[in-house]
Amino acid sequence: MPTRSPPTRYSAVAQTFHWVIAALVVVQFVLANLEGDLPIGAHKLALLARHKSFGMTVLMLAILRLLWRLKNPPPGLPAGMSPLERRLARATHIAFYVLLFAMPLTGWMMSSAKNYSVSWFGLFTWPNLIGKSETAFKVLHATHEILSDVLLAIAILHILAALKHHFWHKDDVLRRMLPFFRPDKVKSERRS
Ligand code: HEM
Ligand code: HEM
């Protein structure tokens, strides 16, 4: 029976998940920062409602992405990467997946703890995950904030790594995550 050779670039589905979720994460930071500077009022609540709707969209997309990813292995890393770099790359990707769940879940639970409704663009309302509790709200608020700092730090590391691959090592790591680009030459090996 013929064996399927490992892919040499991310598929269109993987790329779509990656860039749509990355864009939504940026939107989340922008909305949170805009909203954070405002006094309590209609404008602040509208931005917060958008933040919650886009955040719940990230959660739904993260579930689909993870299910899809478990069935579709990614291309291997370039052969020249050291074991430490491989471990770092893998740890970063796992941390991203964890945070793409943890950020929306802590936000959703934080709102539930205040008994504030979480609507999805006004189309429907998500049920409360936990009961009303001021202590739980404080803990979840702090957790959401700390995790957002961790997410930001990992994203910066991740972007610097992608740029380093592209401009320093001149390999295909960035190109194969970009639509419309074909790899120059395949320098990848199966992911260990
Ligand atoms: C990927 C998803 C998400 C990201 C990246 C994200 C990011 C952030 C950031 C950066 C902040 C500001 C933290 C600070 O004060 O320094 C924040 C605050 C907040 N987020 Fe999220 N969030 C996400 C999802 C959600 C969801 C799904 C909800 C609710 C259903 C939510 C509810 C809130 C609330 C209530 C605040 C506090 C606002 C305030 O105290 O003014 N977030 N979020
Ligand atoms: C906050 C936004 C971002 C998130 C949450 C994110 C998340 C991820 C995740 C989870 C993976 C692993 C994909 C998998 O194997 O399933 C990945 C791969 C990748 N990302 Fe991002 N990413 C973000 C932003 C970016 C940006 C801005 C760039 C470009 C500068 C980028 C470039 C890449 C590349 C090149 C890969 C493939 C790495 C490899 O082949 O091992 N990402 N990203």
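None of the values given here were measured: they were computed from a predicted structure. Numbering of ligands and ligand atoms starts at 1, following listing order.
- Near S111, with a cut-off below 4.0 Å to any heavy atom, the atoms of ligand 1 are 29 (C).
- Around atom 21 (Fe) of ligand 2, the angle linking H158 (NE2) with H18 (NE2) is 180°, rounded to 10 degrees.
- Taking any N or O of R176, backbone or side chain, at least one lies under 3.5 Å from an N or O belonging to ligand 2.
- Every atom of ligand 1 with a heavy atom of V118 under 4.0 Å away is listed here by number and element: 30 (C).
- Short contacts between ligand 1 and F29, defined as distances under 4.0 Å to a heavy atom of the residue, involve ligand atoms 5 (C), 10 (C).
- Between H158 and H18, the ring-plane angle classifies as tilted under the 30° and 60° cut-offs.
- The only member of K132, E134, H141 that meets side-chain contact (heavy atoms from CB on, under 4.5 Å) when paired with K114 is E134.
- When heavy-atom distances to ligand 1 are checked against a 4.0 Å cut-off, W126 has no atom that comes that close, whether in backbone or side chain.
- Atoms of ligand 1 lying under 4.0 Å from at least one heavy atom of G55, given by number and element, are 24 (C), 27 (C).
- No close placement of the W19 and F17 rings is indicated, their centers lying 6.0 Å or farther apart.
- The parts of M56 lying near ligand 1 are both backbone and side chain, judged by heavy-atom distances below 4.0 Å.
- At a heavy-atom distance under 4.0 Å, only side-chain atoms of L77, from C-beta outward, approach ligand 2.
- Side-chain atoms of W120 and T57 include a donor-acceptor pair closer than 3.5 Å.
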